[in-house]
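Following: one structure in C-alpha coordinates, then a few remarks.
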Amino acid sequence: MARPLRSFCLHRIRSGGGGAAAPTAAPPSICGAKEAGSSDGEGKSSLKGAEEDEEAMKKGGTEAVAVVVGRKVMVAADGGSEEARTALHWALSHAVRPCDTLVLLDVVRGGGKNLGRDPRGCQHLEAMRSICQAKRPEVRVELSLAEGKDRGPAIVEAARKQGVSLLVVGQKKRSVTWRLLSMWMAGVKGAAGGGGGSSASAADYCVQHAACMALTVRRKSRRGGGYLITTRRQRDFWLLA
(Lines give C-alpha, C1' and ligand atoms only; values in the text may rest on other atoms or scores of the structure.)
Protein backbone atom coordinates (compact mmCIF):
# COMPACT_ATOMS: atom_id res chain seq x y z
CA MET A 1 0.00 0.00 0.00
CA ALA A 2 1.47 3.41 -0.99
CA ARG A 3 2.43 5.75 1.79
CA PRO A 4 1.61 9.47 1.57
CA LEU A 5 4.44 11.78 0.42
CA ARG A 6 5.94 14.16 2.93
CA SER A 7 6.22 17.85 2.29
CA PHE A 8 9.32 18.88 0.34
CA CYS A 9 11.10 21.95 -0.99
CA LEU A 10 11.34 22.55 -4.74
CA HIS A 11 14.91 23.81 -4.42
CA ARG A 12 16.06 20.41 -3.15
CA ILE A 13 14.79 18.47 -6.14
CA ARG A 14 17.52 17.29 -8.49
CA SER A 15 16.93 16.40 -12.08
CA GLY A 16 16.95 12.62 -12.63
CA GLY A 17 17.31 10.57 -15.76
CA GLY A 18 14.09 10.23 -17.70
CA GLY A 19 11.90 11.14 -14.75
CA ALA A 20 12.30 7.64 -13.19
CA ALA A 21 11.88 7.23 -9.47
CA ALA A 22 15.09 7.46 -7.44
CA PRO A 23 16.32 4.15 -6.01
CA THR A 24 15.87 3.49 -2.31
CA ALA A 25 18.99 4.34 -0.30
CA ALA A 26 20.87 1.35 1.17
CA PRO A 27 21.24 1.06 4.97
CA PRO A 28 24.45 2.58 6.38
CA SER A 29 27.43 0.25 6.83
CA ILE A 30 29.35 -0.40 10.02
CA CYS A 31 32.08 1.99 8.87
CA GLY A 32 29.51 4.75 8.52
CA ALA A 33 31.27 7.05 10.97
CA LYS A 34 34.37 7.53 8.82
CA GLU A 35 32.37 7.82 5.66
CA ALA A 36 30.04 10.30 7.30
CA GLY A 37 33.01 12.40 8.33
CA SER A 38 34.40 12.46 4.83
CA SER A 39 30.98 13.15 3.34
CA ASP A 40 30.51 16.05 5.77
CA GLY A 41 33.75 17.55 4.51
CA GLU A 42 32.66 17.10 0.94
CA GLY A 43 29.26 18.55 1.75
CA LYS A 44 30.79 21.63 3.34
CA SER A 45 33.11 22.15 0.41
CA SER A 46 30.27 21.73 -2.07
CA LEU A 47 28.10 24.14 -0.06
CA LYS A 48 30.93 26.65 -0.02
CA GLY A 49 31.35 26.27 -3.76
CA ALA A 50 27.65 26.80 -4.30
CA GLU A 51 27.75 29.98 -2.21
CA GLU A 52 30.73 31.25 -4.19
CA ASP A 53 28.92 30.51 -7.46
CA GLU A 54 25.87 32.38 -6.20
CA GLU A 55 27.98 35.38 -5.23
CA ALA A 56 29.65 35.32 -8.64
CA MET A 57 26.25 35.27 -10.33
CA LYS A 58 25.14 38.22 -8.24
CA LYS A 59 28.28 40.15 -9.12
CA GLY A 60 27.81 39.30 -12.76
CA GLY A 61 24.23 40.54 -12.59
CA THR A 62 25.24 43.87 -11.08
CA GLU A 63 27.95 44.29 -13.69
CA ALA A 64 25.42 43.60 -16.44
CA VAL A 65 23.08 46.24 -15.01
CA ALA A 66 25.92 48.76 -14.75
CA VAL A 67 26.69 48.31 -18.44
CA VAL A 68 23.17 49.42 -19.43
CA VAL A 69 23.33 52.96 -20.81
CA GLY A 70 20.39 55.16 -19.91
CA ARG A 71 18.71 57.73 -22.08
CA LYS A 72 18.43 61.47 -21.68
CA VAL A 73 14.92 62.75 -21.09
CA MET A 74 14.48 66.51 -21.27
CA VAL A 75 11.61 68.47 -19.71
CA ALA A 76 11.11 72.14 -20.58
CA ALA A 77 10.89 74.08 -17.32
CA ASP A 78 9.11 77.16 -18.74
CA GLY A 79 9.83 79.25 -15.66
CA GLY A 80 8.36 76.62 -13.35
CA SER A 81 4.85 77.09 -14.70
CA GLU A 82 1.95 74.79 -13.87
CA GLU A 83 2.14 73.27 -17.35
CA ALA A 84 5.86 72.52 -16.91
CA ARG A 85 5.20 70.82 -13.57
CA THR A 86 2.47 68.73 -15.18
CA ALA A 87 4.93 67.65 -17.87
CA LEU A 88 7.49 66.82 -15.19
CA HIS A 89 5.06 64.69 -13.18
CA TRP A 90 4.04 62.81 -16.33
CA ALA A 91 7.65 62.19 -17.32
CA LEU A 92 8.54 60.88 -13.86
CA SER A 93 5.54 58.54 -13.83
CA HIS A 94 5.48 57.29 -17.42
CA ALA A 95 8.75 57.94 -19.26
CA VAL A 96 11.82 58.04 -17.01
CA ARG A 97 13.59 54.79 -16.11
CA PRO A 98 15.95 54.37 -13.14
CA CYS A 99 18.99 54.37 -15.42
CA ASP A 100 17.93 57.52 -17.33
CA THR A 101 19.11 61.09 -16.84
CA LEU A 102 16.47 63.78 -16.51
CA VAL A 103 17.43 67.20 -17.87
CA LEU A 104 15.45 70.25 -16.70
CA LEU A 105 15.90 72.98 -19.30
CA ASP A 106 14.86 76.61 -19.27
CA VAL A 107 15.39 79.30 -21.90
CA VAL A 108 16.68 82.76 -21.02
CA ARG A 109 17.01 85.81 -23.23
CA GLY A 110 20.52 87.19 -23.32
CA GLY A 111 23.34 86.77 -20.80
CA GLY A 112 22.99 83.58 -18.68
CA LYS A 113 24.80 80.61 -20.16
CA ASN A 114 24.95 78.92 -16.77
CA LEU A 115 22.82 78.68 -13.68
CA GLY A 116 24.93 81.07 -11.60
CA ARG A 117 24.04 84.05 -13.81
CA ASP A 118 20.31 83.68 -13.40
CA PRO A 119 19.26 83.33 -9.73
CA ARG A 120 15.54 83.55 -10.55
CA GLY A 121 15.79 80.70 -13.03
CA CYS A 122 17.91 78.74 -10.60
CA GLN A 123 15.17 78.95 -7.98
CA HIS A 124 12.42 77.39 -10.03
CA LEU A 125 14.79 74.81 -11.51
CA GLU A 126 15.86 73.82 -8.00
CA ALA A 127 12.20 73.58 -7.00
CA MET A 128 11.54 71.21 -9.90
CA ARG A 129 14.63 69.20 -9.00
CA SER A 130 13.24 68.83 -5.47
CA ILE A 131 10.10 67.31 -6.99
CA CYS A 132 12.26 64.79 -8.85
CA GLN A 133 14.23 63.86 -5.75
CA ALA A 134 11.06 63.39 -3.72
CA LYS A 135 9.26 61.29 -6.34
CA ARG A 136 12.16 59.44 -8.02
CA PRO A 137 15.30 59.74 -5.86
CA GLU A 138 17.15 57.12 -7.93
CA VAL A 139 17.02 59.22 -11.12
CA ARG A 140 19.90 61.54 -11.93
CA VAL A 141 18.81 65.14 -12.54
CA GLU A 142 20.70 67.81 -14.48
CA LEU A 143 19.87 71.52 -14.72
CA SER A 144 20.48 73.39 -17.94
CA LEU A 145 19.91 76.85 -19.39
CA ALA A 146 19.72 77.76 -23.06
CA GLU A 147 19.92 81.25 -24.50
CA GLY A 148 17.55 82.23 -27.27
CA LYS A 149 15.03 84.76 -28.44
CA ASP A 150 12.34 82.16 -29.21
CA ARG A 151 11.70 79.30 -26.80
CA GLY A 152 10.80 76.71 -29.43
CA PRO A 153 13.98 76.83 -31.53
CA ALA A 154 16.15 77.21 -28.41
CA ILE A 155 14.67 74.07 -26.83
CA VAL A 156 15.01 72.06 -30.03
CA GLU A 157 18.64 73.10 -30.47
CA ALA A 158 19.50 72.32 -26.84
CA ALA A 159 17.92 68.88 -27.13
CA ARG A 160 19.94 68.18 -30.28
CA LYS A 161 23.24 69.28 -28.74
CA GLN A 162 22.73 67.20 -25.59
CA GLY A 163 21.69 64.05 -27.46
CA VAL A 164 18.24 63.85 -25.90
CA SER A 165 16.12 60.79 -26.67
CA LEU A 166 12.77 62.16 -25.45
CA LEU A 167 11.60 65.77 -25.14
CA VAL A 168 8.56 66.53 -22.96
CA VAL A 169 6.94 69.97 -23.05
CA GLY A 170 3.95 71.21 -21.10
CA GLN A 171 1.15 72.67 -23.16
CA LYS A 172 -1.41 75.27 -22.22
CA LYS A 173 -5.06 74.81 -22.98
CA ARG A 174 -5.95 76.91 -26.00
CA SER A 175 -9.36 77.96 -27.18
CA VAL A 176 -10.75 76.88 -30.53
CA THR A 177 -10.53 80.46 -31.77
CA TRP A 178 -6.83 80.66 -30.93
CA ARG A 179 -6.14 77.36 -32.72
CA LEU A 180 -7.98 78.45 -35.86
CA LEU A 181 -6.19 81.81 -35.83
CA SER A 182 -2.80 80.16 -35.42
CA MET A 183 -3.52 77.75 -38.30
CA TRP A 184 -4.63 80.65 -40.49
CA MET A 185 -1.51 82.69 -39.65
CA ALA A 186 0.73 79.70 -40.36
CA GLY A 187 -0.97 79.25 -43.73
CA VAL A 188 -0.55 82.92 -44.63
CA LYS A 189 3.14 82.89 -43.72
CA GLY A 190 3.69 79.67 -45.64
CA ALA A 191 2.05 81.13 -48.75
CA ALA A 192 4.13 84.30 -48.40
CA GLY A 193 7.33 82.27 -48.13
CA GLY A 194 7.91 83.06 -44.47
CA GLY A 195 9.45 80.45 -42.26
CA GLY A 196 9.58 79.63 -38.60
CA GLY A 197 5.88 79.59 -37.79
CA SER A 198 6.37 82.02 -34.87
CA SER A 199 2.60 82.24 -34.28
CA ALA A 200 2.54 78.62 -33.15
CA SER A 201 3.33 77.84 -29.52
CA ALA A 202 6.76 76.68 -28.43
CA ALA A 203 5.30 73.27 -27.57
CA ASP A 204 3.91 72.80 -31.08
CA TYR A 205 7.22 73.92 -32.57
CA CYS A 206 9.14 71.36 -30.53
CA VAL A 207 6.84 68.54 -31.61
CA GLN A 208 7.17 69.42 -35.29
CA HIS A 209 10.89 70.23 -35.46
CA ALA A 210 12.70 68.21 -32.78
CA ALA A 211 15.14 65.60 -34.08
CA CYS A 212 14.19 63.24 -31.25
CA MET A 213 10.84 61.96 -30.06
CA ALA A 214 8.92 64.99 -28.75
CA LEU A 215 5.49 65.28 -27.17
CA THR A 216 3.36 67.78 -25.31
CA VAL A 217 1.46 67.03 -22.13
CA ARG A 218 -1.42 68.76 -20.40
CA ARG A 219 -4.07 67.83 -17.89
CA LYS A 220 -7.45 66.92 -19.31
CA SER A 221 -9.07 68.95 -16.55
CA ARG A 222 -8.11 70.49 -13.23
CA ARG A 223 -10.01 67.77 -11.41
CA GLY A 224 -7.85 65.09 -12.99
CA GLY A 225 -9.06 62.67 -15.62
CA GLY A 226 -5.66 61.82 -17.03
CA TYR A 227 -3.47 63.55 -19.60
CA LEU A 228 -3.79 64.71 -23.19
CA ILE A 229 -0.70 63.76 -25.20
CA THR A 230 0.20 65.30 -28.55
CA THR A 231 2.90 63.88 -30.82
CA ARG A 232 3.82 64.46 -34.45
CA ARG A 233 1.28 61.85 -35.56
CA GLN A 234 -1.40 62.05 -32.88
CA ARG A 235 -3.10 65.03 -31.32
CA ASP A 236 -4.76 65.16 -27.89
CA PHE A 237 -4.44 61.45 -27.26
CA TRP A 238 -6.22 60.80 -23.96
CA LEU A 239 -4.10 58.85 -21.50
CA LEU A 240 -6.16 57.91 -18.47
CA ALA A 241 -3.52 57.56 -15.74
Side-chain angles (χ1 to χ4, degrees), residues 67-81 83-115 118 121 124-125 128-129 132 136 139-172 174 179 182-183 185-187 189-218 227-239:
V67 172
V68 176
V69 178
R71 307 167 303 166
K72 269 195 174 183
V73 180
M74 178 177 285
V75 176
D78 192 18
S81 63
E83 291 79 15
R85 292 173 184 264
T86 298
L88 177 61
H89 282 289
W90 182 89
L92 292 172
S93 301
H94 297 82
V96 179
R97 303 175 302 181
C99 58
D100 292 340
T101 299
L102 181 62
V103 181
L104 302 177
L105 173 77
D106 203 5
V107 178
V108 294
R109 292 188 177 183
K113 295 183 179 180
N114 51 61
L115 293 175
D118 191 0
H124 70 261
L125 285 176
M128 294 180 72
R129 174 154 66 178
C132 300
R136 297 287 299 277
V139 176
R140 180 183 176 186
V141 181
E142 294 181 358
L143 306 182
S144 179
L145 283 178
E147 183 181 354
K149 183 178 179 181
D150 297 326
R151 289 185 63 251
I155 294 173
V156 169
E157 181 63 16
R160 185 189 65 81
K161 287 182 178 180
Q162 298 192 33
V164 172
S165 301
L166 175 63
L167 175 61
V168 184
V169 185
Q171 188 176 42
K172 298 180 180 179
R174 303 291 187 180
R179 292 182 182 179
S182 109
M183 291 173 63
M185 289 295 294
K189 286 197 172 187
S198 59
S199 61
S201 67
D204 292 333
Y205 182 92
C206 292
V207 170
Q208 297 299 326
H209 296 86
C212 62
M213 173 68 180
L215 53 88
T216 64
V217 181
R218 71 178 177 89
Y227 300 90
L228 292 177
I229 311 297
T230 297
T231 63
R232 194 171 299 177
R233 297 184 179 181
Q234 294 181 338
R235 187 171 187 85
D236 291 342
F237 176 76
W238 182 23
L239 179 63

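Being a predicted model, the structure only gives us computed values, none of them experimental. Computed from heavy atoms alone, side chains included, the values below leave out hydrogens, waters and symmetry copies.
- Closest approach of C206 to G152, counting heavy atoms only: SG-O, 4.0 Å.
- Considering NZ of K172 and CZ of R218, their distance stands at 13.0 Å, rounded to 0.5 Å.
- Every residue two or more places apart in sequence or in another chain was checked for a salt bridge (Lys or Arg N to Asp or Glu O under 4.0 Å) with R85, and none qualifies.
- Between the side chain of R232 and the main chain of V207, a donor-acceptor pair closer than 3.5 Å is present.
- Between G148 and A154, the closest heavy-atom pair is CA-CB, 4.2 Å.
- Between A87 and V217, the closest heavy-atom pair is CA-CB, 4.3 Å.
- Separating the CH2 atom in W90 from the OG1 atom in T216 is a distance of 10.0 Å, to the nearest 0.5 Å.
- Between R151 and A76, the closest heavy-atom pair is NH2-CB, 4.2 Å.
- Not counting sequence neighbours, the partners of A84 by the side chain to side chain contact (heavy atoms under 4.5 Å, CB included) test are D78, S81, M128.
- T86 is listed as a side-chain neighbour of Y227, based on a closest heavy-atom distance under 4.5 Å.
- If you take CG on L228 and CG on L215, they are separated by 12.5 Å, rounding to the nearest 0.5 Å.
- With sequence neighbours left out, the salt bridge (Lys or Arg N to Asp or Glu O under 4.0 Å) criterion links R140 to E142.
- Minimum heavy-atom separation, Q171 to T230: OE1-OG1, 4.1 Å.
- Partners of A214 according to the side chain to side chain contact (heavy atoms under 4.5 Å, CB included) rule, which considers only residues two or more places apart in sequence or in another chain, are L167, A210.
- At least one side-chain heavy atom of L125 sits under 4.5 Å from a side-chain heavy atom of L145.
- Between L104 and R129 the shortest heavy-atom distance is CD1-N, 3.7 Å.
- In this structure, the side chain to side chain contact (heavy atoms under 4.5 Å, CB included) partners of V96, at least two apart in sequence or on a different chain, are V73, A91, D100, L102, R136, V139.
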Give every donor-acceptor pair under 3.5 Å between a side-chain atom in residues 158-166 and any protein atom, sequence neighbours left out.
| residue | atom | partner | partner atom | Å |
| --- | --- | --- | --- | --- |
| R160 | NE | E157 | OE1 | 3.3 |
| R160 | NH2 | E157 | OE2 | 2.4 |
| Q162 | NE2 | S144 | OG | 3.1 |

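- With sequence neighbours left out, T101 forms a side-chain hydrogen bond (donor to acceptor under 3.5 Å, both in side chains) with no residue at all.
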